[in-house]
Amino acid sequence: MLLPKRVKYRKTQRGKRRGVATRGAAVSFGEFGLKSLEAAWLKNNLIETIRIILTRRLRRGGKLWIRVFPDKPITKHPAESRMGKGKGEVDKWVAVIKRGAVLFELGGIPEDYARESFRLAAYKLPFKTMFVNRRR
């Protein structure tokens, strides 16, 4: 699972997900990318699931770049516990995804194969995505 080695603050506030991604909105490393069309939180186990799907599809033929990292802790109280007693313990780690951010990139494979690979990965995501090419 992906999670940070160290963080400055153990527990953070939830924050806002509104707005458009200004950084990380273009395909930078590979030839094809999977771009988000909605804002969301992407859990660390979901990133790992998509990594497994895409690496199995590549079969050492191309290269995969993961452009997101789960660095935001989400806390939760245990079930059936009383109100109060402070903020709950860290339950999971998420990556904050803004609209227009490129999540994954592929290179070294044909376009139709990359499109099909990203289609399989997009089924797992809880938000809408779009296949994008590198602009030359």
I'd like to know whether Val94 forms a side chain to side chain contact (heavy atoms under 4.5 Å, CB included) with Asn44, so could you lay out the CA-CA distance, the side-chain angles of the two residues, the decisive distance to 0.1 Å, and finally the verdict. CA-CA 6 Å; Val94 298; Asn44 59 352; over 6 Å; no
Value rounded to 0.5 Å, distance of [atom1] in [X] from [atom2] in [Y]:
{"X": "Leu34", "Y": "Ile50", "atom1": "CG", "atom2": "CD1", "value": "7.5 Å"}
{"X": "Arg56", "Y": "Leu120", "atom1": "CZ", "atom2": "CG", "value": "12.0 Å"}
{"X": "Ser28", "Y": "Arg134", "atom1": "OG", "atom2": "CZ", "value": "7.0 Å"}

Residues Lys63, Glu31: salt bridge by 4.0 Å N-O rule: no
Taking it one step at a time, do Val27 and Trp65 satisfy side chain to side chain contact (heavy atoms under 4.5 Å, CB included)? CA-CA 10 Å; Val27 178; Trp65 288 270; over 6 Å; no
For residues Leu64 and Leu2: do they belong to one hydrophobic cluster (side chain heavy atoms under 4.5 Å, members Ile, Leu, Val, Met, Phe, Trp, Tyr)? yes
Using the salt bridge (charged side-chain N to carboxylate O under 4.0 Å, His left out) rule, take Arg10 and Glu89 through it: C-alpha gap first, then chi angles, then the decisive distance, then the call. CA-CA 9 Å; Arg10 198 163 50 99; Glu89 291 305 311; 3.5 Å; yes
May I have the step-by-step check of side chain to side chain contact (heavy atoms under 4.5 Å, CB included) for Val68 and Ile47, ending in yes or no? CA-CA 8 Å; Val68 292; Ile47 296 171; 4.0 Å; yes
Where [X] and [Y] come nearest, the two heavy atoms and their spacing:
{"X": "Glu105", "Y": "Phe29", "value": "OE1-N, 2.7 Å"}
{"X": "Lys98", "Y": "Arg18", "value": "NZ-O, 3.4 Å"}
{"X": "Lys11", "Y": "Thr75", "value": "CG-CG2, 3.8 Å"}

Measure from the side-chain N and O atoms of [X] to the backbone N and O of [Y], and report whether any donor-acceptor pair falls under 3.5 Å.
{"X": "Lys72", "Y": "Gln13", "answer": "yes"}
{"X": "Tyr113", "Y": "Arg57", "answer": "yes"}
{"X": "Ser81", "Y": "His77", "answer": "no"}

I'd like to check the side-chain hydrogen bond (donor to acceptor under 3.5 Å, both in side chains) partners of Arg99; sequence neighbours left out, ordered by chain and number. none
Sequence neighbours excluded, which residues qualify as side-chain hydrogen bond (donor to acceptor under 3.5 Å, both in side chains) partners of Arg119? Glu116, Tyr123
Kindly say whether the aromatic ring centers of Phe104 and Phe118 come within a distance under 6.0 Å.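 When the ring centroids of Phe104 and Phe118 are compared, they turn out to be at least 6.0 Å apart.
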Ile74 vs Asp91, test: side chain to side chain contact (heavy atoms under 4.5 Å, CB included). Steps then yes/no. CA-CA 6 Å; Ile74 303 299; Asp91 179 49; 5.6 Å; no
